[in-house]
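Below is one structure, written out as structure tokens; comments come after it.
In listed order, ligands and their atoms are each counted from 1. Note that the coordinates shown come from a computational prediction; the quantities given were computed from them, not determined experimentally.
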Amino acid sequence: MVALAADTISFREEVENLLLAEEGASLVRCIQCATCTAVCPAAEFMDHTPRELIGLINAGMKDEVMASNSFWTCASCYACSEKCPEGIHPADVMYALARYSLWRGTFDRDWVAPDFSRRFARTILRTGKSYEPGYAPAFIFEGGFPGMVREMRMAMRLMSKGRLPLIPARIKRIRNLRAMVARVLPLDGLE
Ligand code: SF4
Ligand code: SF4
């Protein structure tokens, strides 16, 4: 892990400091072979393929990287990390950039994935439990009126079978959970 003063740190070092996993080689080892892109099932939907994204990070193109939809399109399949011949973990880079984007509030407000992620993280930080109805506003209007009706029917069915609670559950001592999370993640942008 790189530790430098914030004003001297490069964008690559900034991203590497966000990689919470201890495994994975430094991004400087990327040889631009495109193996990660070849195995990525989501590459065609990304503004920048995994190879391009790593190249842009190494080139210090921060604005372009942070404006990309790539890390919000990642399906977290880890194929890229499995196959990279240099031991880089592009999947962890995708997670790191998503966290960074939430933290800094740089994501496009019209995108479903960051809105969903932020609602999920906030719910966990407030209650310690997942509460699906709280995430619905992030996607329920995406399918237009028919999609909304479909989602509501599904919710009613789940509720009738006791699979969807009306009121969110809450764990005891939520403060302890928040303190634990705060030790590894900045909570700015999530609260
Ligand atoms: S597979 Fe690894 S070395 Fe090849 S382009 Fe992707 S990150 Fe770089
Ligand atoms: S983890 Fe993400 S970037 Fe990597 S191959 Fe899977 S979808 Fe693509």
Can you sort out which atoms of ligand 2 are near [X], meaning under 4.0 Å from one of its heavy atoms?
X     : value
Tyr78 : 1 (S), 6 (Fe)
Ala91 : 1 (S)
Met94 : 3 (S)

Next item on the list: Could you tell me whether any N, O or S atom belonging to Cys74 is less than 2.8 Å from atom 6 (Fe) of ligand 2?
Entry: no

Check: With Glu52, which residues qualify under salt bridge (charged side-chain N to carboxylate O under 4.0 Å, His left out), at least two apart?
Finding: none

Next item on the list: Kindly compute the distance separating CG (Asp63) from CZ (Phe11), expressed to the nearest 0.5 Å.
Entry: 9.0 Å

Notebook entry, point to check: Are any N, O or S atoms from Cys84 nearer to atom 2 (Fe) of ligand 1 than 2.8 Å?
Noted result: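 Checking atom 2 (Fe) of ligand 1 against Cys84, an N, O or S atom does fall under 2.8 Å.
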
Item checked: Over-ring placement of Arg122 relative to Phe120, 6.0 Å and 45° cut-offs -> no

Check: For ligand 1, which atoms, with element, lie under 4.0 Å from some heavy atom of Pro85?
Finding: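 Every atom of ligand 1 under 4.0 Å from some heavy atom of Pro85: 1 (S).
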
Next item on the list: Using a strict 4.0 Å cut-off to heavy atoms of Gln32, name the atoms of ligand 1 that fall inside it.
Entry: 5 (S), 8 (Fe)

Next item on the list: Ignoring hydrogens and angles, tell me if any N or O in the side chain of Arg118 forms a donor-acceptor pair with the backbone of Phe116 under 3.5 Å.
Entry: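 Not confirmed, Arg118 side chain does not pair with Phe116 backbone.
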
[atom] - nearest protein heavy atom and its distance:
atom                    : answer
atom 4 (Fe) of ligand 2 : Cys80 SG, 2.3 Å
atom 7 (S) of ligand 2  : Ala75 N, 3.2 Å
atom 3 (S) of ligand 1  : Ile31 N, 3.5 Å

Check: Does atom CE of Met152 have more than 12 heavy-atom neighbours from other groups under 6.0 Å away?
Finding: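 Incorrect, the count does not exceed 12.
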
Notebook entry, point to check: Around Glu132, counting heavy atoms of other residues, nucleotides and ligands shown, do more than 12 lie under 6.0 Å from its CD?
Noted result: yes

Margin query: If hydrophobic clusters are built by linking Ile, Leu, Val, Met, Phe, Trp and Tyr wherever their side-chain heavy atoms come under 4.5 Å apart, do Trp111 and Met66 end up in the same one?
Written below: yes

Check: Where is the tightest heavy-atom contact between Pro165 and Pro133, given as atom of each residue plus distance?
Finding: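 Looking at all heavy atoms of both residues, the closest pair is O-CG, 4.2 Å.
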
Note to self: Looking at every non-hydrogen atom in both residues, tell me the closest pair between Leu27 and Val15 and how far apart they are.
What the structure shows: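 For Leu27 and Val15, the tightest heavy-atom pair comes out as CD1-CG1, 4.4 Å.
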
Item checked: Options Cys30, Cys40, Cys36, ranked by nearest heavy atom to atom 1 (S) of ligand 1, top entry ->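 Answer by nearest heavy atom: Cys36.
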
Next item on the list: Using heavy-atom distances, let me know which of Ser81, Cys77, Ala43 sits nearest atom 5 (S) of ligand 2.
Entry: Cys77

Notebook entry, point to check: If you measure from each non-hydrogen atom of Ala34 to ligand 1, which part falls under 4.0 Å: side chain, backbone, both or neither?
Noted result: backbone

